[in-house]
Each structure stands twice: as C-alpha cells, then as structure tokens.
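What you see is a predicted model; the values in this text were computed from it and never measured.
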There are 2 protein chains.
Amino acid sequence: MREEIRKALQEIVGAKNCRDQLIDLVSYSYDASDHAKRPECAVFPSNTKQVSRIMELANKHRIPVIPRGAGTSLTGSVVPVMGGIVLDLCKMNRIIDVRIADRLAVVEPGVVYGQMEKELAPHGFFFPPDPASSQVCTLGGNVATNAGGMRGAKYGVTRDYVLGLEVVLADGRVMRTGTRCMKSASGYDLTRLFVGSEGTLGVITEITLKISPMPKAVKTALAHFESLEDAGKSVTDIMHSGIIPSVLEILDENTIGVLRERAAMNIPDIRAMILVETDGYTDGEASFQMDKIVEIFNRHGASFAKIAKTAEETEELWQARKSAGSVAAQLRPNNVSEDVTVPMSKVPELLTRISDTVRRYGLPFVIFGHAGDGNLHPRIMYDKSDPEQVEALERAVEDIFKLACDLGGTLTGEHGVGLAKAPFMHLEHDPVAMQTMKALKETFDPNNILNPGKMGL
Amino acid sequence: MREEIRKALQEIVGAKNCRDQLIDLVSYSYDASDHAKRPECAVFPSNTKQVSRIMELANKHRIPVIPRGAGTSLTGSVVPVMGGIVLDLCKMNRIIDVRIADRLAVVEPGVVYGQMEKELAPHGFFFPPDPASSQVCTLGGNVATNAGGMRGAKYGVTRDYVLGLEVVLADGRVMRTGTRCMKSASGYDLTRLFVGSEGTLGVITEITLKISPMPKAVKTALAHFESLEDAGKSVTDIMHSGIIPSVLEILDENTIGVLRERAAMNIPDIRAMILVETDGYTDGEASFQMDKIVEIFNRHGASFAKIAKTAEETEELWQARKSAGSVAAQLRPNNVSEDVTVPMSKVPELLTRISDTVRRYGLPFVIFGHAGDGNLHPRIMYDKSDPEQVEALERAVEDIFKLACDLGGTLTGEHGVGLAKAPFMHLEHDPVAMQTMKALKETFDPNNILNPGKMGL
C-alpha cells in the first residue's frame, strides 16, 4: 500500500480503523470458501460519509475495494483476488429504526442476522430468510448475496424483503433506492439490482427491510421412504395439493448412510427422508396442512411418517437434518457445499443424476436440501492437500453445475456466484444476458474497482 | 411513415399486421389516461423473432417503439408522445406452459389477466396481484408497470411473482433473464430491472410467473367509524397484532358522502369505513384472524362492525367499496384516479391532509384505497373542457404528490409513472438515483427509441 493512500485512509477512518499488519492481511485473505488472497489493507468505516470518501479515493487511484460483512461466503465472494482495500462494515451495525405498524426495519449493513431476530422477537415479528449462518452473518451480506434458508418455499429469500437501500457508488456518490412503503411502481427497481450484486455495483450502507409476523403455530413431521421415486412423487403431490410447507427438507441415501454409520441415531436403511413443517396462526391451520401432507406420504408408501406431538419429539425429528452437514464433514479434512437449484419436479432426477455422476470420482458425498423450493446442497468431502482429490472435486462440482443447468436449474439458489461459480455463469445465462450484466457492471463501475474479478464479469 | 419503413414492417409482420389508417392512429393515440398523441403506425407481431426484427429496424432508423398491452394505463405510459411505431402485443397471447408441481406458468405478454385466472382456477392456483382492470389488462402490461391490486398487503405485487423473462433489447438482441426455479442468486437481477420499466428498456416477449395456491377459506367484515383517527388506530393495531389481512380497504368521508347522496345504499353519516378480508386453508384460521381484527375495531369505538355469514352478506359488505369509483365518477364528465402510497401508519394523516388541501380547489373528490399497504387512490372529478377546472386539477394532483412524498411516500403504488408522474420524479428520488436511472436507460437504449419521453428519463 502506497504511503499516500495509507495516510489518506487513516485520515478518513482514523489510524486504528485502518489495518495492514500481517495478521490483518491474513485474516482478510479468506472467507468460508477455499479461496484466498491477501488484500493491501482493511478499513473499518463507521458511517456513510466515510464510505463515500473511501470510494472517492479508491476510484481516483483505481484501487480495488471489497465490501465485507462477516465473511461467511461459501463462494469466495469477499476474497480480494485483485488485492486492494477490504471494507469491513462490521462497525456500521446499528438498528436504526423498527416500525412495526409500517412493517419495516431500517438497519446498517453490519447488523448480524441473529441480532435483528432478537430485536424483532418481542414484537412477534421476524425477518424470514434465515440463512444457516444466521448467528454470525450480517444483513449487508444477506442483501449482497440474496441469501436464503430453509423457509424459502413459503417465505421467500432476502430479495423479497428489501424495500430500499442507501448505496455508495463507485465514485463516492450516495443514493437512496426504493421506498419505505410496502408498494412502489416509481422508476427502475434500483433496489433489487443491488440485491445479489455481491458488492460489485456499490457499497450498501443502509437497508430498509420488510418484516413479517412470526407464525404462532407450527407442526413438524418426518417421513422415511424405501424409494427415492416415492419421495419425489410425494413432493410433487404436495405442490399439487396447494399446501406450501414452511420447511420441506429432503435427505438422500448418501446422507442417510453417513448418519447410520457415524451418528448414534437409530435410522433404518432407507433411500430418502423428508422433514416437513407447516405453520399458521392456529393449531388447526398447521394441522390441516400437515394431515394432508402425511396423507400424501402414506399414499406414496412411506415406511414411516410421524407428526411430532411435543417439543422433544420435534427436536428428535429434526436431529438427522441438523446433524447431516457436520457428521458428513468428519469424513475428510475439507468439504465443499454446493447450492444448485432446479424446478421442484426435477429434484428426484437431480438427486439420482448427481449421485450417479459424483460417485465415479471416488470422493464421499451427501446430498440434502430444500425440496420445497428445489434447492439442493450436495456436499463433497475431500483432502485439500491431495492434488488428485482436488482435481476430482473440481470435476465433480463442474458436473453438478452442468446437471442442474441441464434440468433448467440455476448454479446457485442462495450462496451467490463469487469466484466459485464465476467460470460457469455461461452454462446458465445466455450470451446476451452475460453482455448485459457486463454492461451494467461497466455503467456502475467504469474503473472496475468494486470487488473486481467476481461473478464472471 | 416513410414508404421504405412501412414496406420493411409489412415484410416482417405481413401487410394486415401493419396498420396506419386514420382510425388506427386515433385508436393508438391514447390509453386510459387523459394523454394523447398519434403514432405513425401500429404493428402486431406474433412471435419474438418478429419483435427482434422490428427493433433492429427501428434502432437503425431511430424510430420510437412503444410496446403496448391492453392500453389500460392510467398514466399515459403507452401514449406515443414522440410518434413512431406502436408495438401491440395482443397477438402474442399464448399460455405456453402451466407447471403446478413447479409452481410456475410460462406465458406470452398478450395474455389477459382474466384468461390466466381461468386457466389456473381448476388447479386451485392463481396469480395474486389482481389489478382492478384484471378482466382486460395483459400480463405484459402488469409486468411492465409492476401492477398491484387489493390483495397487496398479504400477497404482494407483480414483481414478487416474476421469475424470469424473455426480452428483446433495443437493438434486436434477444435475452433470457432470471430462472424457472423458485430461487436463484446467480448474477444481477435483470428480471426485476424490467419489471416496472414501462417498456423503456426492452420489449418483454415471454414471462415466467410464480403462481400461488388459492386461499380456501375467506372471511369478510365491514366497520364504520365516527372518527378517522379511530379508523387509523385500528389499522395500526392490526399491523401490531401480526395479522396480515388479504384485503384492508379504507373509504374516507368524501367517498361516504358521495355514496350517501348518490347511491341507494343505507350508509350512516360516518367519517370512515374499513372493509377487511382474512383467509387461510381453514375456516378456523380465517375466523381467528377476523375475530382479532373485529376486537380491534370495537376497542377503537367502531359504531358498526359485522362479519359476513353468507355469500349474500359478503356481497353486501363489499357494495360500498365496489361502487365508490363509479358513483363518484358521475359527479363530473372526467376524473383522475391517483395512486400515492405512504407507510401504513401515515394513512390517516395523508387522508386528512389530502382532504384539507384538495378541498381548496373546489373540485369534488373522494379518497379510498388499500390501507393494508398504504396505497390510496384519491379520485378527483372535473370537466376537461373547462380550463379552470383543468388547472385546478393539475395543482391538486401536484399537491397530492408533495403530501405523499413529505410523509415518506411514493408517487405511485401500482399505476406506474408514464407521463403523468414524470415531472414529479425528483420529489421522490434523489439526484443520484435519477442520474442512475438515466444511465441505465442510456445503457439499454442508447438511441432512446424505446417508449421515449416517459418516466422523467
């Protein structure tokens, strides 16, 4: 980092908020993916004005700026592949306003999802997307990656809850997008252009979120299937029934095998497991939906189907799903969790084809995910220190992307593109769509300083 | 129209699908607003290839192209203010695919909303936005204006249901945006950039819509209030209660006055009326929500509150709301229906301030709208042939925009910007947001041929 730049940054954020010791550079070289590259420094702005001045400086000197939340990205989206300044927004963590009667909350990007949850709970409200990293990830990161979670089928993803933003553009100009109303048809949807843009179009400095009443009554059930086909038919029939479960998780035979071998759970040798939740204001509503679903499970020959009657039973039914990731991760030192999504009716086919394909590479893997919105997380275990395993992993992942796109799917349901999926964007998006995304990037960031090298742009 | 261009258009769509007789030019000079200007011709493409060739031609010769659905715009958004070619998409009206298990439908832009409703109903599904013009308006128009309706509070607007698009760009290139999955975090959200862009960024030639199960159980109630303040407190308390009604309509004292004078309805001399609907899979769920709401009405001194017990009673409770617009319209030869939206807690204040302000102009007016999402439709009656009334109307409308923006609101909840609100965009959007919208317009349409002169761009 040139002395002149360091001094200018220190002048903006104060010396202690501008770090470039080795430990800082190493800390900010990685996220939750396998990618890594050191930045030149990390700065900690505490307000929009500072972010604006940093961007102005960086734009003038053509220095990459990588906005960063909690660094939980699974795709390398906050790895500073071209060096530059990591803009850590963790100090901009105020919940500015919670307006229940207007169904909204105004927050800074560094607010942790779990902190928001706690703030809203006493009002009986929540912000539904609920990513798996909810206790550490930031709302800014949620917006930047259009994060989602297990409740997507019924409650949607982050995009569905962002009403408006304050954004600092590449040259330091500040703008407000969107609205603080529930509805607006006024001008281009700038807000959603930034949702999922992974810090490549601007720095999000304030978020207005729509919030939702927490469901009061919840029912949970678990079903076992001797054949994947029957599990798939059940999912299709649930969709046709018009019931939208709040959770509809599927675990494949690989996952079940690992749990049987490695966990102290008493699971029979079955081909698929489905965990489901329904909700409503009343017990009657949640039960009505669940009864229909269990009827569908039974019609398709479920070998076991149980609705939890107590909190303990609920906990028990969730156990396999909750343990799946961590138990599987024990098989090898490293693992990659993929995130492909297909139309719901293609879930069984995707499960089978991924299994058949990935098996050939000799790496252990499991597949589970959100059957209710078609979002599967194949997880492949490997040893990073073994080049052969790394190569096998890379080929397996590429095959998974191809299979998903072949079935009309997407590379990523909720993790984003980052570095990991950048080389495969053309599998999903046609040349004109890619040209258009590039044109947008150029319009917003002509000097390519905002999180450069990401998303295949 | 130059002979060379006419011939080229005829060659693309066939002679009978390219019209420029006086009757055609007059027909395509207006929409459902008061704006009018004749185009040079109207063409009727029947597929994407034809649209692409038309755009290529128009771009080469710098001829404006105005994509048009059913022309129900209330803002002049399909009026060809700069002449050119009206691209009537009514012949592209195929429902291409309905995939219930995948919760989606693929349609051409000319499909009428009501036609879609009929197609989905036997499956127990619907496309929720439900604009007031649903029996005539097209889905392409719904997407282009981000249309909404009475169910917005619970079910959202068009934007929430568009998964992907096929779009023809200004130079004739064709691209697919988005996905046919429920979820995707793959690249910039090109899809929603086109939602609400009113034909200024590209021509939508195919739409993939998310569909929803139709609610099975519905409860309807009506309440009368002696004071607007009490009605407002009720709305606020409903929001705090965590109940999201599927309908929450408010009628102000002006509306009630007109209905009392002009309609054969037995309505007492009250200050506000609220119509509400709740829904669910079960009667119990709909009733639970409605009982809470009626309890809130009573707590705030409603002089009347009734839950309908039969279909006839439901019809009866809806009567005032359904008649309000047409009864008011009888007062003068012309009327304008505005569409401002504010955060829900500001609805009573907006009602009072609009009343106080508009009253001064001496034109009859009524205000009703969707209290559940803050979207009000002040309707002002006037005589177009009287310049004084026209001036009064214009000043009143401008005041309404200012009042809404003052309260943190938006110029338009669901009608769009078009010509009517173009001069007022700066009231709502800051200079950088306006610059950004202009930069987007230039990126997508450098020759400014796509519906030019709209949206203040």
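- Residue contact with chain B, scored on non-hydrogen atoms closer than 4.5 Å, is absent for A:Ile238.
- Within the 4.5 Å cutoff, no side-chain heavy atoms of A:Ser186 are placed close to those of B:Lys421.
- At a threshold of 4.5 Å between non-hydrogen side-chain atoms, the residues A:Tyr188 and B:Met455 count as touching.
- Contacts of B:Leu169 with chain A are made by side-chain atoms alone, with heavy-atom separations under 4.5 Å and no backbone atom involved.
- Taking A:Gly284, A:Gly124, A:Gly280 one by one and counting their heavy-atom pairs under 4.5 Å with chain B, the maximum is reached by A:Gly280.
- Contacts between B:His429 and chain A at a heavy-atom distance below 4.5 Å involve the side chain alone, from C-beta outward.
- Counting heavy-atom pairs under 4.5 Å between each of A:Val417, A:Asp160, A:Ile244, A:Leu411 and chain B puts A:Ile244 at the top.
- A donor-acceptor pair is defined here as one N or O able to donate and one able to accept, closer than 3.5 Å; no such pair exists between the side chain of B:Asp189 and the backbone of A:Leu193.
- In this structure, B:Val167 and A:Thr436 have side chains that are not in contact, with every pair of non-hydrogen atoms separated by 4.5 Å or more.
- Residue A:Phe194 does not touch chain B at all, counting heavy-atom pairs closer than 4.5 Å.
- In terms of heavy-atom pairs under 4.5 Å with chain A, the best-connected choice from B:Gly413, B:Pro213, B:Gly196 is B:Gly413.
- A 4.5 Å side-chain heavy-atom check between A:Gln435 and B:Met175 finds every atom pair outside the cut-off.
- Between the A:Asn375 side chain and the B:Lys183 main chain, no donor and acceptor come within less than 3.5 Å of each other.
- Contact count versus chain B (heavy atoms, under 4.5 Å) is highest, among A:Val195, A:Ile243, A:Thr179, for A:Ile243.
- At least one donor-acceptor pair under 3.5 Å links the side chain of B:Asp102 to the backbone N or O of A:Met344.
- For A:Gln289, the part lying near chain B is the side chain, with the backbone staying farther off; criterion is any non-hydrogen pair under 4.5 Å.
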